[in-house]
Protein chains: 2
Amino acid sequence: MNVQIRLFQALADPARLGIVETMKTGERAVGDIVERMNIHQSGVSRHLRILSEAGLVQMRPDGQKRLYSLRKEAFDQIDTWMAGYRRHWEKRLDRLGEALEGRHALRARHQEKS
Amino acid sequence: MNVQIRLFQALADPARLGIVETMKTGERAVGDIVERMNIHQSGVSRHLRILSEAGLVQMRPDGQKRLYSLRKEAFDQIDTWMAGYRRHWEKRLDRLGEALEGRHALRARHQEKS
DNA sequence: GAAATATATACACAATAAGATATATACATG
DNA sequence: CATGTATATATCTTATTGTGTATATATTTC
């Protein structure tokens with residue numbers, strides 16, 4: 001539960017969300033990101049550190065450049081978090097389905113009242 | 001793209017993430033949330049407004065109480081956002097799968113180099 | 001090994017946001 | 001309609017965070 005907070009905090013900044021978007025299709029050097037964003041190099045560097053500490057990106061040196069890319073595991077964690085919520089809607093949908101099919105009709109009608 | 005930022009910003013605060021968790025299993029009155037969280041009533045109220053403006057929760061008056069609950073649509077939006085990223089990993093996995101099966105072996109080996 | 005290129009860090013400043021206290025609004029009940 | 005209960009808002013204070021400038025570190029090239 002403490003894990004996701006860092007992920008959400010990392011994604012909660014417009015600049016960082018833009019940086020993430022820049023890496024959508026693959027690795028990007030810091031300089032490429034600086035060009036595309038309207039932020040100074042130092043800022044991009046700091047944002048990348050936050051994204052890195054949140055586990056959202058990884059880095060691979062390439063000569064004097066550093067190539068950043070997204071980490072699938074971070075997205076998996078968000079998925080896992082959301083799955084805990086989806087479950088409840090699915091349960092409700094199941095009950096709705098049963099009601100529509102005429103099964104458990106009494107219980108369904110009873111819940112409608114409360 | 002501007003939509004998700006609000007969602008992430010709303011979820012980026014520990015108190016709000018806790019409030020969301022409180023509503024995991026269904027509706028909650030403001031007072032119930034105040035009891036469970038260690039924040040003053042005014043703070044909870046303000047957090048609920050932020051969650052509401054982000055589209056994460058909805059409200060339904062019940063006498064003098066107000067019952068808040070999660071909005072499935074918000075989670076759908078996050079899913080949609082993430083789907084755009086998953087697509088790329090799936091493509092890569094497909095290519096990996098092809099390579100492992102020996103199909104398109106030449107192309108796979110070529111990409112390995114670059 | 002000096003200059004150039006690429007990236008990270010330190011620091012100061014401004015803007016934002018969270019928290020508490022006090023107050024306002026809305027509904028319910030006698 | 002006065003009182004109590006439930007929630008929202010206004011205001012102040014404090015802490016956090018993003019941004020830019022300047023500087024440090026690392027790598028390549030001549």
Side-chain angles (χ1 to χ4, degrees), chain A residues 1-23 26-71 114, chain B residues 1-23 26-71 114:
Chain A
M1 144 58 149
N2 235 337
V3 186
Q4 291 87 349
I5 263 278
R6 277 207 172 172
L7 288 173
F8 290 138
Q9 283 174 338
L11 294 170
D13 179 79
R16 283 194 292 273
L17 198 58
I19 291 174
V20 167
E21 176 118 7
T22 302
M23 295 184 287
E27 296 179 311
R28 292 273 176 262
V30 180
D32 296 345
I33 299 174
V34 174
E35 278 182 20
R36 277 160 224 258
M37 308 292 301
N38 205 13
I39 310 172
H40 270 246
Q41 178 263 321
S42 70
V44 170
S45 199
R46 229 169 42 82
H47 282 311
L48 284 169
R49 187 152 71 97
I50 293 171
L51 289 170
S52 178
E53 284 171 357
L56 258 161
V57 304
Q58 59 201 157
M59 189 268 284
R60 164 173 94 80
D62 175 35
Q64 50 188 358
K65 298 189 177 181
R66 297 191 164 194
L67 302 179
Y68 282 84
S69 56
L70 298 174
R71 287 186 68 241
S114 67
Chain B
M1 137 76 138
N2 236 336
V3 185
Q4 291 87 351
I5 262 279
R6 277 206 172 173
L7 289 173
F8 291 137
Q9 283 174 340
L11 294 170
D13 179 79
R16 282 194 292 273
L17 199 56
I19 291 174
V20 167
E21 176 118 8
T22 302
M23 294 184 286
E27 294 179 314
R28 292 275 175 261
V30 181
D32 296 344
I33 299 175
V34 174
E35 279 182 18
R36 277 160 224 257
M37 307 292 302
N38 205 14
I39 309 173
H40 270 248
Q41 178 265 319
S42 71
V44 170
S45 200
R46 223 166 36 82
H47 282 310
L48 283 170
R49 187 153 71 96
I50 292 171
L51 289 170
S52 178
E53 284 171 356
L56 258 161
V57 304
Q58 59 200 154
M59 188 267 284
R60 165 172 92 82
D62 175 35
Q64 48 190 356
K65 297 189 177 181
R66 298 193 163 195
L67 302 179
Y68 282 85
S69 56
L70 298 174
R71 288 186 68 241
S114 68

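A quick note: this is a predicted structure, and the numbers were derived from the prediction, not measured. Below, chains carry the letters A, B, ... as their sequence lines are ordered, and counting in each starts from 1.
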query: Between atom CZ in A:R28 and atom P in C:dT7, what is the gap in whole Å?
result: 13 Å
message: From CZ of A:R16 over to P of D:dT17, roughly how many Å is that when rounded to an integer?
response: 9 Å
- request: Calculate the interatomic distance between A:E53 atom CD and D:dT17 atom P; express it in whole Å.
  value: 11 Å
field: Protein-nucleotide distance (B:L48, atom CG; C:dA18, atom P), rounded to Å
entry: 13 Å
query: For residues 29-44 of chain B, which residues have at least one heavy atom under 4.0 Å from DNA chain D?
result: B:A29, B:V30, B:G31, B:Q41, B:S42
task: Round to the nearest Å and state the distance from B:D62 atom CG to D:dT7 atom C1'.
output: 13 Å
message: Please identify which of these residues, B:I50, B:V57, B:L11, B:L48, meets the side chain to side chain contact (heavy atoms under 4.5 Å, CB included) condition with B:R16.
response: B:I50
query: Whole Å only: how far is the CD atom of A:Q64 from the P atom of D:dT27?
result: 10 Å
query: Just how far is it from atom CD1 of B:I33 to atom OH of B:Y68, taken to the nearest 0.5 Å?
result: 8.5 Å
- line: CE (B:M23) and CG (B:L67) are apart, to the nearest 0.5 Å, by 11.5 Å
task: Hey, which sits more toward the 5' end of DNA chain C by its nearest nucleotide, A:K65 or B:R66?
output: A:K65
task: Enter the distance from A:R6:CZ to A:L51:CG here, rounded to the nearest 0.5 Å.
output: 12.5 Å
Closest to side chain of A:D13, choosing from D:dG18, C:dT5, C:dA8: D:dG18
task: Enter the distance from A:E21:CD to B:Q4:CD here, rounded to the nearest 0.5 Å.
output: 9.0 Å
OP1 or OP2 of C:dG19 under 4.0 Å from side-chain N/O of B:H47: yes
query: Which part of the nucleic acid, if any, lies within contact of A:R49, taking any heavy atom under 4.0 Å across all strands shown: a base, the sugar-phosphate backbone alone, or nothing?
result: sugar-phosphate
- prompt: Are the side chain of A:Q58 and the backbone of A:S69 linked by a donor-acceptor contact shorter than 3.5 Å?
  reply: no
- prompt: From D:dA8, C:dA18, C:dA6, pick the nucleotide closest to the side chain of B:Y68?
  reply: D:dA8
Polar side-chain atom of A:R28 near backbone of A:T22 as donor-acceptor pair, under 3.5 Å: yes
message: If I take atom CG in residue A:L51 and atom C1' in nucleotide C:dA8, what distance separates them, rounded to the nearest angstrom?
response: 15 Å
message: With nearest nucleotide decided by heavy atoms, which residue, A:R46 or B:R46, maps closer to the 5′ end of DNA chain D?
response: B:R46
message: What is the distance, to the nearest angstrom, from the CG atom on B:L11 to the P atom on C:dA18?
response: 12 Å
